[in-house]
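First the proteins, then the strands, lettered A, B, ... as listed; each starts at 1.
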2 protein chains.
Amino acid sequence: MLEIAILGLLNEQPMHGYELRKQLNGTLGTFRAFSYGSLYPTLRRMKEQGLIAEDESVLEPPLGGRRGKVVYKLTVEGKERFQTLLADDSPGAYDDERFGVRLAFFSQTDATTRLRILEGRRRRVEERRERMRTRLERTRERLDRYTVELQRHGLESVEREARWLSELIDSEHRDRRAGMPDEAASTERPAELEQDDRFSGTGPQDSDTYQ
Amino acid sequence: MLEIAILGLLNEQPMHGYELRKQLNGTLGTFRAFSYGSLYPTLRRMKEQGLIAEDESVLEPPLGGRRGKVVYKLTVEGKERFQTLLADDSPGAYDDERFGVRLAFFSQTDATTRLRILEGRRRRVEERRERMRTRLERTRERLDRYTVELQRHGLESVEREARWLSELIDSEHRDRRAGMPDEAASTERPAELEQDDRFSGTGPQDSDTYQ
DNA sequence: GTTAGCATGTAAGGAGTTACATGATTTT
DNA sequence: AAAATCATGTAACTCCTTACATGCTAAC
(Lines give C-alpha, C1' and ligand atoms only; values in the text may rest on other atoms or scores of the structure.)
Protein backbone atom coordinates (compact mmCIF):
# COMPACT_ATOMS: atom_id res chain seq x y z
CA MET A 1 0.00 0.00 0.00
CA LEU A 2 2.53 2.54 1.10
CA GLU A 3 4.95 1.27 -1.50
CA ILE A 4 2.67 1.77 -4.46
CA ALA A 5 1.65 5.20 -3.23
CA ILE A 6 5.27 6.28 -2.87
CA LEU A 7 6.12 4.93 -6.31
CA GLY A 8 3.17 6.80 -7.77
CA LEU A 9 4.13 10.11 -6.29
CA LEU A 10 7.81 9.80 -7.11
CA ASN A 11 6.92 8.80 -10.65
CA GLU A 12 5.51 12.27 -11.07
CA GLN A 13 8.32 14.14 -9.41
CA PRO A 14 11.27 13.63 -7.03
CA MET A 15 10.44 14.46 -3.46
CA HIS A 16 11.69 14.13 0.10
CA GLY A 17 9.98 12.15 2.86
CA TYR A 18 8.20 14.93 4.64
CA GLU A 19 6.59 16.17 1.47
CA LEU A 20 5.61 12.68 0.40
CA ARG A 21 3.72 12.23 3.61
CA LYS A 22 1.91 15.53 3.14
CA GLN A 23 0.83 14.63 -0.37
CA LEU A 24 -0.10 11.13 0.68
CA ASN A 25 -2.48 12.38 3.31
CA GLY A 26 -4.12 14.64 0.76
CA THR A 27 -5.14 12.46 -2.17
CA LEU A 28 -5.19 9.16 -0.43
CA GLY A 29 -5.82 10.75 2.92
CA THR A 30 -9.46 10.88 2.06
CA PHE A 31 -9.51 7.21 2.80
CA ARG A 32 -6.07 6.55 4.23
CA ALA A 33 -3.40 8.27 6.30
CA PHE A 34 0.20 7.28 6.96
CA SER A 35 2.58 8.19 9.74
CA TYR A 36 6.29 8.93 9.59
CA GLY A 37 6.91 5.80 11.58
CA SER A 38 5.99 3.76 8.54
CA LEU A 39 7.07 6.18 5.85
CA TYR A 40 10.77 6.50 6.62
CA PRO A 41 11.47 2.82 7.24
CA THR A 42 9.66 2.05 3.99
CA LEU A 43 11.78 4.58 2.12
CA ARG A 44 14.92 2.99 3.52
CA ARG A 45 13.75 -0.48 2.51
CA MET A 46 12.86 0.70 -0.98
CA LYS A 47 16.25 2.32 -1.34
CA GLU A 48 17.94 -0.92 -0.28
CA GLN A 49 15.87 -2.76 -2.87
CA GLY A 50 16.97 -0.32 -5.51
CA LEU A 51 13.50 1.02 -6.26
CA ILE A 52 14.39 4.56 -5.33
CA ALA A 53 17.62 6.54 -5.09
CA GLU A 54 18.76 9.85 -3.72
CA ASP A 55 18.39 12.59 -6.27
CA GLU A 56 21.85 14.15 -6.30
CA SER A 57 20.82 16.90 -8.67
CA VAL A 58 18.76 18.56 -5.96
CA LEU A 59 21.43 18.00 -3.36
CA GLU A 60 21.23 20.70 -0.74
CA PRO A 61 24.75 21.67 0.30
CA PRO A 62 25.25 19.35 3.31
CA LEU A 63 27.18 22.13 5.02
CA GLY A 64 29.27 20.97 7.94
CA GLY A 65 28.20 17.32 7.76
CA ARG A 66 24.67 18.19 8.87
CA ARG A 67 21.83 15.87 8.01
CA GLY A 68 19.95 17.63 5.23
CA LYS A 69 16.88 16.91 3.16
CA VAL A 70 17.02 13.65 1.27
CA VAL A 71 15.28 13.95 -2.08
CA TYR A 72 14.30 10.63 -3.60
CA LYS A 73 13.63 9.75 -7.22
CA LEU A 74 12.59 6.53 -8.92
CA THR A 75 15.19 4.24 -10.42
CA VAL A 76 14.51 2.29 -13.59
CA GLU A 77 13.62 -0.73 -11.44
CA GLY A 78 11.27 1.47 -9.45
CA LYS A 79 9.44 2.53 -12.58
CA GLU A 80 9.12 -1.07 -13.69
CA ARG A 81 7.90 -2.10 -10.27
CA PHE A 82 5.28 0.65 -10.34
CA GLN A 83 3.92 -0.50 -13.67
CA THR A 84 3.88 -4.10 -12.47
CA LEU A 85 1.92 -3.16 -9.38
CA LEU A 86 -0.52 -1.04 -11.38
CA ALA A 87 -1.13 -3.89 -13.78
CA ASP A 88 -1.46 -6.52 -11.03
CA ASP A 89 -4.49 -8.66 -11.57
CA SER A 90 -4.36 -11.09 -8.67
CA PRO A 91 -7.43 -11.51 -6.48
CA GLY A 92 -7.02 -9.01 -3.68
CA ALA A 93 -5.85 -6.38 -6.12
CA TYR A 94 -9.41 -5.09 -6.13
CA ASP A 95 -9.78 -4.45 -2.41
CA ASP A 96 -11.18 -1.11 -1.38
CA GLU A 97 -7.85 0.40 -0.49
CA ARG A 98 -5.76 -1.15 -3.20
CA PHE A 99 -8.22 -0.08 -5.84
CA GLY A 100 -8.36 3.45 -4.44
CA VAL A 101 -4.61 3.90 -4.61
CA ARG A 102 -4.49 2.56 -8.13
CA LEU A 103 -7.23 4.88 -9.27
CA ALA A 104 -5.42 7.83 -7.77
CA PHE A 105 -2.50 7.14 -10.11
CA PHE A 106 -4.62 6.10 -13.04
CA SER A 107 -3.40 8.74 -15.42
CA GLN A 108 0.02 7.10 -15.25
CA THR A 109 -1.33 3.89 -16.77
CA ASP A 110 -2.35 2.99 -20.27
CA ALA A 111 -5.98 2.74 -21.34
CA THR A 112 -6.00 -1.05 -21.57
CA THR A 113 -4.84 -1.47 -17.99
CA ARG A 114 -7.28 1.18 -16.78
CA LEU A 115 -10.17 -0.66 -18.34
CA ARG A 116 -9.07 -3.99 -16.93
CA ILE A 117 -8.80 -2.58 -13.42
CA LEU A 118 -12.14 -0.81 -13.58
CA GLU A 119 -13.87 -3.93 -14.82
CA GLY A 120 -12.19 -6.10 -12.22
CA ARG A 121 -13.29 -3.77 -9.50
CA ARG A 122 -16.82 -3.65 -10.85
CA ARG A 123 -17.05 -7.43 -10.87
CA ARG A 124 -15.94 -7.47 -7.26
CA VAL A 125 -18.39 -4.78 -6.21
CA GLU A 126 -21.28 -6.42 -8.01
CA GLU A 127 -20.66 -9.74 -6.33
CA ARG A 128 -20.69 -8.04 -3.00
CA ARG A 129 -23.87 -6.20 -3.90
CA GLU A 130 -25.64 -9.44 -4.78
CA ARG A 131 -24.59 -11.10 -1.55
CA MET A 132 -25.80 -8.11 0.42
CA ARG A 133 -29.13 -8.00 -1.42
CA THR A 134 -29.78 -11.66 -0.78
CA ARG A 135 -28.92 -11.40 2.87
CA LEU A 136 -31.01 -8.29 3.42
CA GLU A 137 -34.04 -9.83 1.74
CA ARG A 138 -33.74 -13.05 3.69
CA THR A 139 -33.23 -11.47 7.09
CA ARG A 140 -34.96 -8.11 6.88
CA GLU A 141 -37.90 -8.54 9.26
CA ARG A 142 -36.03 -10.61 11.80
CA LEU A 143 -33.37 -8.03 12.49
CA ASP A 144 -33.51 -5.02 14.77
CA ARG A 145 -33.81 -1.69 13.01
CA TYR A 146 -30.19 -0.67 13.52
CA THR A 147 -28.80 -3.75 11.87
CA VAL A 148 -31.27 -3.30 9.01
CA GLU A 149 -30.29 0.35 8.65
CA LEU A 150 -26.61 -0.53 8.64
CA GLN A 151 -27.11 -3.13 5.97
CA ARG A 152 -29.42 -0.97 3.91
CA HIS A 153 -26.98 1.92 3.94
CA GLY A 154 -24.15 -0.45 3.10
CA LEU A 155 -26.09 -1.89 0.20
CA GLU A 156 -26.89 1.54 -1.20
CA SER A 157 -23.22 2.43 -1.00
CA VAL A 158 -22.13 -0.51 -3.11
CA GLU A 159 -24.99 0.09 -5.54
CA ARG A 160 -23.73 3.64 -5.97
CA GLU A 161 -20.18 2.47 -6.47
CA ALA A 162 -21.25 -0.03 -9.10
CA ARG A 163 -23.05 2.70 -11.05
CA TRP A 164 -20.10 5.02 -10.71
CA LEU A 165 -17.72 2.37 -12.03
CA SER A 166 -20.00 1.74 -14.98
CA GLU A 167 -19.90 5.42 -15.83
CA LEU A 168 -16.12 5.46 -15.67
CA ILE A 169 -15.97 2.38 -17.87
CA ASP A 170 -18.36 3.88 -20.42
CA SER A 171 -16.30 6.99 -20.50
CA GLU A 172 -13.15 4.95 -21.16
CA HIS A 173 -14.88 3.25 -24.07
CA ARG A 174 -15.99 6.59 -25.50
CA ASP A 175 -12.43 7.92 -25.30
CA ARG A 176 -11.19 4.89 -27.16
CA ARG A 177 -13.66 5.25 -29.96
CA ALA A 178 -12.93 8.96 -30.10
CA GLY A 179 -9.41 8.08 -31.08
CA MET A 180 -7.14 8.32 -28.08
CA PRO A 181 -6.12 4.72 -28.46
CA ASP A 182 -3.79 4.06 -25.58
CA GLU A 183 -2.25 7.12 -24.06
CA ALA A 184 -3.39 8.83 -20.90
CA ALA A 185 -6.86 10.26 -21.32
CA SER A 186 -6.46 12.61 -18.40
CA THR A 187 -6.50 16.37 -18.60
CA GLU A 188 -2.89 17.29 -18.28
CA ARG A 189 -2.33 19.61 -15.42
CA PRO A 190 -0.77 22.99 -16.35
CA ALA A 191 2.97 23.11 -15.93
CA GLU A 192 3.12 26.20 -13.76
CA LEU A 193 1.24 24.53 -10.95
CA GLU A 194 2.92 24.58 -7.56
CA GLN A 195 2.97 20.88 -6.78
CA ASP A 196 2.66 21.46 -3.09
CA ASP A 197 -0.96 22.30 -3.39
CA ARG A 198 -1.99 19.43 -5.51
CA PHE A 199 -3.15 16.99 -2.93
CA SER A 200 -2.39 18.46 0.41
CA GLY A 201 -5.46 19.01 2.48
CA THR A 202 -6.15 19.77 6.08
CA GLY A 203 -4.34 16.70 7.27
CA PRO A 204 -5.23 13.20 8.33
CA GLN A 205 -8.83 12.31 8.86
CA ASP A 206 -8.65 10.93 12.33
CA SER A 207 -5.83 11.64 14.69
CA ASP A 208 -4.66 15.21 14.69
CA THR A 209 -1.52 14.39 16.58
CA TYR A 210 0.28 12.21 14.14
CA GLN A 211 3.96 12.54 14.07
CA MET B 1 -12.34 -4.37 17.21
CA LEU B 2 -12.54 -8.12 17.47
CA GLU B 3 -13.02 -7.86 21.20
CA ILE B 4 -16.07 -5.63 21.06
CA ALA B 5 -17.60 -7.73 18.32
CA ILE B 6 -17.14 -10.91 20.34
CA LEU B 7 -18.58 -9.28 23.43
CA GLY B 8 -21.56 -8.08 21.43
CA LEU B 9 -22.38 -11.49 20.01
CA LEU B 10 -21.86 -13.34 23.29
CA ASN B 11 -24.02 -10.78 25.04
CA GLU B 12 -26.91 -12.06 22.95
CA GLN B 13 -26.18 -15.72 23.32
CA PRO B 14 -23.39 -18.15 24.28
CA MET B 15 -21.52 -19.50 21.31
CA HIS B 16 -18.40 -21.38 20.29
CA GLY B 17 -15.55 -20.00 18.21
CA TYR B 18 -16.47 -21.36 14.84
CA GLU B 19 -19.97 -19.99 15.03
CA LEU B 20 -18.76 -16.63 16.30
CA ARG B 21 -16.63 -16.30 13.22
CA LYS B 22 -19.50 -17.15 10.93
CA GLN B 23 -21.77 -14.59 12.52
CA LEU B 24 -18.99 -12.01 12.57
CA ASN B 25 -18.48 -12.26 8.86
CA GLY B 26 -22.18 -11.80 8.27
CA THR B 27 -23.17 -8.61 10.05
CA LEU B 28 -19.80 -7.00 10.25
CA GLY B 29 -18.52 -8.88 7.26
CA THR B 30 -20.14 -6.32 5.08
CA PHE B 31 -17.27 -4.10 5.99
CA ARG B 32 -14.98 -6.42 7.92
CA ALA B 33 -13.90 -10.06 8.01
CA PHE B 34 -11.88 -11.93 10.61
CA SER B 35 -9.84 -15.10 10.39
CA TYR B 36 -9.49 -17.93 12.89
CA GLY B 37 -5.89 -16.96 13.38
CA SER B 38 -7.02 -13.88 15.22
CA LEU B 39 -10.27 -15.20 16.64
CA TYR B 40 -9.00 -18.10 18.74
CA PRO B 41 -6.04 -16.29 20.30
CA THR B 42 -8.37 -13.42 21.15
CA LEU B 43 -10.82 -15.79 22.81
CA ARG B 44 -8.01 -17.24 24.89
CA ARG B 45 -6.82 -13.80 25.94
CA MET B 46 -10.35 -12.73 26.86
CA LYS B 47 -10.80 -15.86 28.90
CA GLU B 48 -7.55 -15.17 30.75
CA GLN B 49 -8.78 -11.66 31.43
CA GLY B 50 -12.00 -13.03 32.84
CA LEU B 51 -14.25 -11.41 30.24
CA ILE B 52 -15.62 -14.70 29.00
CA ALA B 53 -15.90 -18.21 30.47
CA GLU B 54 -16.75 -21.67 29.23
CA ASP B 55 -20.45 -22.32 29.40
CA GLU B 56 -20.63 -25.59 31.35
CA SER B 57 -24.39 -25.87 30.91
CA VAL B 58 -23.97 -26.64 27.21
CA LEU B 59 -21.07 -28.96 27.86
CA GLU B 60 -20.92 -31.60 25.18
CA PRO B 61 -19.90 -34.90 26.77
CA PRO B 62 -16.10 -34.76 26.23
CA LEU B 63 -16.18 -38.49 25.63
CA GLY B 64 -12.82 -40.15 25.93
CA GLY B 65 -10.85 -36.94 26.63
CA ARG B 66 -11.43 -35.65 23.10
CA ARG B 67 -11.23 -31.98 22.38
CA GLY B 68 -14.86 -30.93 21.95
CA LYS B 69 -16.65 -27.71 21.20
CA VAL B 70 -15.95 -24.93 23.65
CA VAL B 71 -19.01 -22.78 24.20
CA TYR B 72 -18.24 -19.36 25.65
CA LYS B 73 -20.48 -16.99 27.57
CA LEU B 74 -19.94 -13.54 29.01
CA THR B 75 -18.93 -13.12 32.64
CA VAL B 76 -20.18 -10.20 34.70
CA GLU B 77 -16.90 -8.41 33.97
CA GLY B 78 -17.43 -9.09 30.28
CA LYS B 79 -20.83 -7.47 30.36
CA GLU B 80 -19.43 -4.45 32.12
CA ARG B 81 -16.57 -4.23 29.66
CA PHE B 82 -19.02 -4.37 26.76
CA GLN B 83 -21.04 -1.47 28.12
CA THR B 84 -17.87 0.51 28.77
CA LEU B 85 -16.70 -0.01 25.20
CA LEU B 86 -20.09 0.89 23.77
CA ALA B 87 -20.18 4.09 25.79
CA ASP B 88 -16.59 5.03 24.96
CA ASP B 89 -16.35 8.62 23.87
CA SER B 90 -12.64 9.08 23.20
CA PRO B 91 -11.49 10.48 19.88
CA GLY B 92 -10.96 7.51 17.62
CA ALA B 93 -14.15 5.90 18.89
CA TYR B 94 -15.86 7.35 15.82
CA ASP B 95 -13.64 5.76 13.18
CA ASP B 96 -15.37 4.03 10.30
CA GLU B 97 -14.89 0.55 11.64
CA ARG B 98 -15.35 1.25 15.31
CA PHE B 99 -18.57 3.10 14.62
CA GLY B 100 -19.81 0.29 12.40
CA VAL B 101 -19.32 -2.34 15.05
CA ARG B 102 -21.00 -0.21 17.66
CA LEU B 103 -23.98 0.42 15.46
CA ALA B 104 -24.34 -3.30 14.80
CA PHE B 105 -24.89 -3.81 18.53
CA PHE B 106 -26.88 -0.66 19.06
CA SER B 107 -30.00 -2.34 20.31
CA GLN B 108 -28.01 -3.48 23.32
CA THR B 109 -27.38 0.12 24.41
CA ASP B 110 -29.62 2.69 26.03
CA ALA B 111 -31.13 5.57 24.08
CA THR B 112 -28.87 8.21 25.63
CA THR B 113 -25.71 6.41 24.57
CA ARG B 114 -27.11 5.75 21.12
CA LEU B 115 -27.78 9.42 20.59
CA ARG B 116 -24.35 10.42 21.82
CA ILE B 117 -22.63 7.98 19.50
CA LEU B 118 -24.70 8.99 16.48
CA GLU B 119 -24.03 12.66 17.10
CA GLY B 120 -20.33 12.07 17.66
CA ARG B 121 -20.11 10.18 14.42
CA ARG B 122 -22.05 12.87 12.58
CA ARG B 123 -19.68 15.56 13.83
CA ARG B 124 -16.75 13.54 12.58
CA VAL B 125 -18.32 12.89 9.19
CA GLU B 126 -19.29 16.53 8.73
CA GLU B 127 -15.78 17.73 9.47
CA ARG B 128 -14.46 15.36 6.90
CA ARG B 129 -17.08 16.49 4.41
CA GLU B 130 -16.06 20.12 4.84
CA ARG B 131 -12.40 19.36 4.36
CA MET B 132 -13.17 17.39 1.23
CA ARG B 133 -15.38 20.13 -0.19
CA THR B 134 -12.75 22.76 0.35
CA ARG B 135 -10.04 20.68 -1.23
CA LEU B 136 -12.13 19.72 -4.21
CA GLU B 137 -13.11 23.33 -4.88
CA ARG B 138 -9.55 24.56 -4.59
CA THR B 139 -7.97 21.90 -6.74
CA ARG B 140 -10.70 20.81 -9.16
CA GLU B 141 -9.40 22.08 -12.48
CA ARG B 142 -5.76 21.34 -11.81
CA LEU B 143 -6.26 17.62 -11.25
CA ASP B 144 -6.57 14.86 -13.78
CA ARG B 145 -10.06 13.47 -14.23
CA TYR B 146 -9.46 10.28 -12.27
CA THR B 147 -8.35 12.08 -9.16
CA VAL B 148 -11.31 14.42 -9.49
CA GLU B 149 -13.69 11.48 -9.92
CA LEU B 150 -12.22 9.72 -6.92
CA GLN B 151 -12.63 12.79 -4.77
CA ARG B 152 -16.08 13.59 -6.08
CA HIS B 153 -17.31 10.09 -5.40
CA GLY B 154 -15.72 10.18 -1.96
CA LEU B 155 -17.37 13.48 -1.18
CA GLU B 156 -20.78 12.22 -2.24
CA SER B 157 -20.31 9.20 -0.01
CA VAL B 158 -19.70 11.26 3.09
CA GLU B 159 -22.56 13.59 2.17
CA ARG B 160 -24.84 10.58 2.00
CA GLU B 161 -23.59 9.27 5.31
CA ALA B 162 -24.16 12.62 6.99
CA ARG B 163 -27.77 12.67 5.77
CA TRP B 164 -28.29 9.09 6.85
CA LEU B 165 -26.97 9.83 10.33
CA SER B 166 -29.26 12.83 10.60
CA GLU B 167 -32.22 10.61 9.78
CA LEU B 168 -31.20 8.10 12.43
CA ILE B 169 -30.80 10.91 14.95
CA ASP B 170 -34.20 12.40 14.11
CA SER B 171 -35.75 9.01 14.49
CA GLU B 172 -34.15 8.60 17.93
CA HIS B 173 -35.60 11.96 18.98
CA ARG B 174 -39.04 10.95 17.76
CA ASP B 175 -38.90 7.70 19.73
CA ARG B 176 -37.98 9.63 22.83
CA ARG B 177 -40.88 12.03 22.52
CA ALA B 178 -43.19 9.13 21.77
CA GLY B 179 -42.42 7.83 25.22
CA MET B 180 -39.87 5.09 25.03
CA PRO B 181 -37.54 6.99 27.34
CA ASP B 182 -34.46 4.88 27.63
CA GLU B 183 -34.94 1.26 26.73
CA ALA B 184 -34.00 -0.32 23.46
CA ALA B 185 -36.09 1.06 20.64
CA SER B 186 -35.40 -1.87 18.41
CA THR B 187 -37.95 -4.25 17.07
CA GLU B 188 -37.46 -7.34 19.15
CA ARG B 189 -36.73 -10.29 17.04
CA PRO B 190 -39.18 -13.22 17.37
CA ALA B 191 -38.05 -15.91 19.77
CA GLU B 192 -38.38 -18.86 17.44
CA LEU B 193 -35.69 -17.52 15.08
CA GLU B 194 -32.85 -19.90 14.34
CA GLN B 195 -29.91 -17.79 15.37
CA ASP B 196 -27.67 -19.29 12.79
CA ASP B 197 -29.34 -17.41 10.07
CA ARG B 198 -29.28 -14.05 11.64
CA PHE B 199 -26.10 -12.63 10.25
CA SER B 200 -24.46 -15.36 8.35
CA GLY B 201 -23.99 -14.56 4.72
CA THR B 202 -22.00 -16.00 1.89
CA GLY B 203 -18.74 -15.50 3.68
CA PRO B 204 -15.95 -12.97 3.69
CA GLN B 205 -15.93 -10.25 1.09
CA ASP B 206 -12.46 -10.68 -0.26
CA SER B 207 -10.50 -13.85 0.15
CA ASP B 208 -12.45 -17.00 -0.40
CA THR B 209 -9.78 -19.15 1.09
CA TYR B 210 -9.73 -17.96 4.63
CA GLN B 211 -9.02 -20.51 7.20
C1' DG C 1 12.71 34.76 21.68
C1' DT C 2 9.30 31.60 21.26
C1' DT C 3 5.91 29.13 18.78
C1' DA C 4 4.81 26.67 14.55
C1' DG C 5 6.15 24.09 10.91
C1' DC C 6 9.95 21.62 8.44
C1' DA C 7 12.65 17.45 8.43
C1' DT C 8 14.41 12.72 9.71
C1' DG C 9 14.52 9.03 12.16
C1' DT C 10 14.16 4.70 16.01
C1' DA C 11 11.94 1.24 19.31
C1' DA C 12 8.18 -1.09 20.91
C1' DG C 13 4.04 -2.90 20.09
C1' DG C 14 -0.92 -3.69 18.24
C1' DA C 15 -4.06 -5.96 15.44
C1' DG C 16 -4.55 -8.51 12.36
C1' DT C 17 -3.36 -12.20 8.17
C1' DT C 18 -1.56 -16.55 5.89
C1' DA C 19 -0.18 -20.94 6.01
C1' DC C 20 -0.01 -24.89 8.45
C1' DA C 21 -1.64 -28.84 11.34
C1' DT C 22 -5.19 -31.87 13.10
C1' DG C 23 -9.21 -34.35 13.63
C1' DA C 24 -14.56 -35.05 13.98
C1' DT C 25 -19.06 -35.08 11.70
C1' DT C 26 -22.27 -34.72 7.96
C1' DT C 27 -23.64 -35.03 3.34
C1' DT C 28 -23.51 -37.00 -1.27
C1' DA D 1 -15.67 -43.94 0.66
C1' DA D 2 -14.96 -39.27 -0.73
C1' DA D 3 -15.95 -34.56 -0.19
C1' DA D 4 -17.62 -30.87 2.34
C1' DT D 5 -18.05 -28.52 6.40
C1' DC D 6 -17.50 -28.33 11.31
C1' DA D 7 -14.17 -27.26 14.84
C1' DT D 8 -9.81 -25.72 17.19
C1' DG D 9 -5.61 -24.21 17.27
C1' DT D 10 -0.16 -22.49 16.43
C1' DA D 11 3.90 -19.95 14.23
C1' DA D 12 5.65 -16.71 11.43
C1' DC D 13 4.96 -12.63 9.48
C1' DT D 14 2.96 -8.00 7.56
C1' DC D 15 1.93 -3.56 7.90
C1' DC D 16 1.08 -0.18 10.28
C1' DT D 17 0.76 3.08 14.70
C1' DT D 18 2.35 5.51 18.93
C1' DA D 19 5.63 7.55 21.45
C1' DC D 20 9.98 9.16 21.62
C1' DA D 21 14.26 11.73 20.16
C1' DT D 22 16.61 15.35 17.64
C1' DG D 23 17.55 19.51 15.39
C1' DC D 24 16.75 23.20 11.77
C1' DT D 25 14.18 27.32 9.92
C1' DA D 26 10.61 30.74 9.27
C1' DA D 27 7.20 33.73 11.19
C1' DC D 28 5.11 36.55 14.73
Task: Results of side chain to side chain contact (heavy atoms under 4.5 Å, CB included) for B:Leu85 - residues two or more places apart only - done: B:Glu3, B:Ile4, B:Leu7, B:Arg81
Open item on the list: Using whole Å, what does the distance between atom C1' of nucleotide D:dC15 and atom CZ of A:Arg45 come to?
Closed with: 10 Å
Open item on the list: According to side chain to side chain donor-acceptor pair (under 3.5 Å), who are the partners of B:Glu156, at least two apart in sequence or on a separate chain?
Closed with: A:Arg160, B:Arg152
Task: Value in whole Å for how far the P atom of D:dC16 lies from CG of A:Asn25 - done: 12 Å
Task: Nearest-angstrom distance from the residue atom CD of A:Gln23 to C1' of C:dC6 - done: 15 Å
Open item on the list: I want to verify a distance call: between C:dT17, D:dC16, D:dT10, whose nearest atom is closest to the B:Ser35 side chain?
Closed with: C:dT17
- [ ] May I have the distance from B:Met46 (atom CE) to C:dA15 (atom P), rounded to whole angstrom?
- [x] 13 Å
Are there any protein N/O atoms within less than 3.5 Å of an N/O atom in nucleotides 4-6 of chain D, and if so, which ones and at what distance?
{"residue": "D:dC6", "atom": "OP2", "partner": "B:Tyr18", "partner atom": "OH", "Å": "2.6"}
{"residue": "D:dC6", "atom": "O5'", "partner": "B:Tyr18", "partner atom": "OH", "Å": "3.4"}

Open item on the list: Going by the rule ring pair (Phe, Tyr, Trp, His ring centres under 6.0 Å), which residues pair with B:Phe82 if we only count those two or more places apart in sequence or in a different chain?
Closed with: none
Task: Interatomic distance, A:Arg21 CZ vs C:dG5 C1' [rounded to whole Å] - done: 12 Å
Task: Qualifying residues under side chain to side chain donor-acceptor pair (under 3.5 Å), relative to A:Ser38, sequence neighbours excluded - done: none
Task: B:Arg145 charged N/C atom sitting above A:Phe106 aromatic ring, 6.0 Å / 45° - done: no
TODO: Could you tell me the separation between the CG atom of A:Leu39 and the P atom of D:dT17, rounded to a whole number of Å?
DONE: 10 Å
Open item on the list: Rounded to whole Å, how long is the line connecting atom OH of A:Tyr36 with atom P of C:dT8?
Closed with: 9 Å
- [ ] Return no unless some side-chain N or O of A:Ser38 is found under 4.0 Å from OP1 or OP2 of D:dC16.
- [x] no
Task: B:Tyr146 versus A:Arg114, side-chain donor and acceptor atoms under 3.5 Å - done: yes
- [ ] May I have the distance from A:Met1 (atom CE) to C:dG16 (atom P), rounded to whole angstrom?
- [x] 18 Å
Open item on the list: Among D:dT18, C:dG16, D:dT8, which nucleotide has an atom closest to any side-chain atom of B:Val70?
Closed with: D:dT8
Open item on the list: From C-beta outward on B:Tyr40, which listed nucleotide comes closest to its side chain: C:dG16, D:dA7, C:dT18?
Closed with: D:dA7
TODO: State which residues pass side chain to side chain donor-acceptor pair (under 3.5 Å) with A:Glu167; sequence neighbours excluded, sorted by chain then number.
DONE: none
